[in-house]
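Here's the structure we're looking at; comments come further down.
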Amino acid sequence: MSASEQAIEAMYQLARQRYAELGVDTEAAMKTLATIPVSLHCWQGDDVGGFEQTGESLGGGLAVTGNYPGKAGTPDELRADLEKALSLIPGSHRLNLHAFYLEAGGRKIERNEIEPAHFQGWIDWCKAQGLGLDFNPTYFSHPKADDGFTLAHPDKAIREFWIEHGIACRKIGAAMGQALGTPCVTNSWIPDGYKDTPADRSGPRRRLAESLDAVFAEKLDPKHHLDAVESKLFGIGSEAYVVGSHEFYLGYAITRGTLLCLDAGHFHPTEVISDKISSVMQYLDEVLLHVSRGVRWDSDHVVTLTDELRAIAQEIVRGQYLNRVHIGLDFFDASINRIAAWVIGTRCMVKALLEALLEPIKMLRDAEAAGDFTARLALSEEYKTLPLGAVWDYYCLKQGVPAQDAWLAEVRRYEQDVLSRR
Ligand code: RNT
Ligand code: ZN
């Protein structure tokens with residue numbers, strides 16, 4: 001053991017004692033943590049570019065700022081970058097893929113004609129890496145999405161095209177789930193909306209419900225495949241009206257039995273998804289989270305250990321929702337090293353889950369039940385400075401990934417050896 005490993009071990013033993021005094025078993029927390037997958041979004045690695053190579057620029061009101069060198073330009077590069085990132089993140093996780101990351105051997109395949117075969121490379125790689133796979137239809141960055149409408153488009157032919165894309169994607173998701181032995185969550189997000197005040201708010205929503213019903217018409221085995229629908233408050237170019245609002249999809253998910261996807265960046269700035277989880281769980285079997293960080297106009301900054309991230313993790317653990325909440329990430333930043341962005345965001349998510357698992361919740365609940373709100377506030381403030389970092393470092397060590405900031409040197413080395421040569 002190196003000196004720094006010895007220090008981590010010693011600090012952990014003290015931390016373990018401190019948590020034990022509060023009735024918390026750090027070993028049990030780490031054991032549970034190792035079973036919680038986080039779905040890493042492929043699109044952080046190439047600025048939501050995809051591999052269709054049609055020259056189409058990023059659409060759907062999505063924007064990635066920055067031009068940090070070394071962006072992945074091929075599936076092999078993206079996989080190599082993901083392998084590097086995953087080697088620096090403790091635990092075993094999942095990959096979240098978008099449909100336009102297909103591998104078609106240089107041929108142009110229309111979105112409504114994609115098949116599981118176009119994702120075999122990803123499936124094989126995930127199998128080799130021990131990763132589960134999640135999937136997303138790509139309803140943007142396409143000429144048929146250029147006027148801002150897809151599934152809710154007034155033109156029936158365009159709606160049909162996108163319905164066919166949705167159906168194709170569910171088949172692909174089911175094939176992924178079957179091949180990997182873990183259900184694939186296929187999440188539908190569409191950009192549809194208006195920049196300015198609509199004259200008809202209802203028509204597009206009626207069309208969206210009909211289109212989604214057509215997409216989801218075929219029942220798929222939940223052992224292999226789960227559907228999710230994702231709402232948004234506004235996007236660039238859809239500031240006044242988004243067809244797929246929160247109320248729209250909450251109602252849709254409840255009545256149709258799909259998952260609801262809550263993206264942390266898709267609500268009013270003072271609204272938080274941490275408060276929504278326990279509400280929607282009263283009516284839904286399962287939810288998907290897109291853990292993100294909204295900053296002013298942007299809904300997709302790299303996840304950091306904010307109060308809201310900690311609250312999200314607390315709600316999942318406190319509510320005993322670990323088997324009903326699928327945790328996915330959704331951010332994109334091209335102004336810093338893209339692999340570091342994945343590592344920072346995912347390590348923060350896992351760290352927040354560890355903090356939640358280490359929470360002396362019984363003390364807080366007892367105080368609350370006794371009506372002793374003084375103690376509830378006093379203790380929750382004291383618990384904020386429990387030695388989480390000591391357990392986190394030890395967990396990284398035990399999981400065989402760099403502890404503390406040692407991962408950054410690995411990213412720098414990779415940048416020098418691989419990224420700077422692209
Ligand atoms: C967009 C949604 C959606 C996308 C990805 C790329 O606002 O959050 O989840 O970020 O599908
Ligand atoms: Zn999202």
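Residue numbers start at 1 and run along the sequence shown. We count ligands from 1, going down the list as the structure has it; atoms in each ligand are counted the same way.
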Hey, which residues fall under 4.0 Å of ligand 1 on heavy atoms?
Trp43, Leu62, His98, Trp189, Glu230, Lys232, Asp263, His266, His290, Asp330, Phe332

According to the interplanar angle, ranging from 0 to 90°, do the rings of Trp189 and His266 count as parallel (below 30°), tilted (30 to 60°) or perpendicular (above 60°)?
tilted

Tell me every residue that passes salt bridge (charged side-chain N to carboxylate O under 4.0 Å, His left out) with Lys219, counting only those two or more places apart in sequence or in another chain.
none

As a test of understanding, state which of Asn136, Asp46, Leu95 forms a side chain to side chain contact (heavy atoms under 4.5 Å, CB included) with Tyr101.
Asp46

Just to verify, which of Phe51, Phe140, Trp43 counts as forming a ring-ring contact (aromatic ring centres under 6.0 Å, His included) with Phe100?
Phe140

Residue pair Asn112 / Trp162, side-chain heavy-atom distance below 4.5 Å:
no

Which residues share a salt bridge (charged side-chain N to carboxylate O under 4.0 Å, His left out) with Arg16, sequence neighbours left out
Glu27

Under the side-chain hydrogen bond (donor to acceptor under 3.5 Å, both in side chains) rule, what do Asp76 and Thr74 come out as? Steps first, then yes or no, please.
CA-CA 5 Å; Asp76 284 336; Thr74 66; 5.4 Å; no

Measuring from the Zn ion (ligand 2), count protein N/O/S atoms under 2.8 Å, please.
4

Ring centres of Phe331 and His41 under 6.0 Å apart?
yes

Over 60° means perpendicular and under 30° means parallel, so tell me whether Phe119 and Phe135 are parallel, tilted or perpendicular.
perpendicular

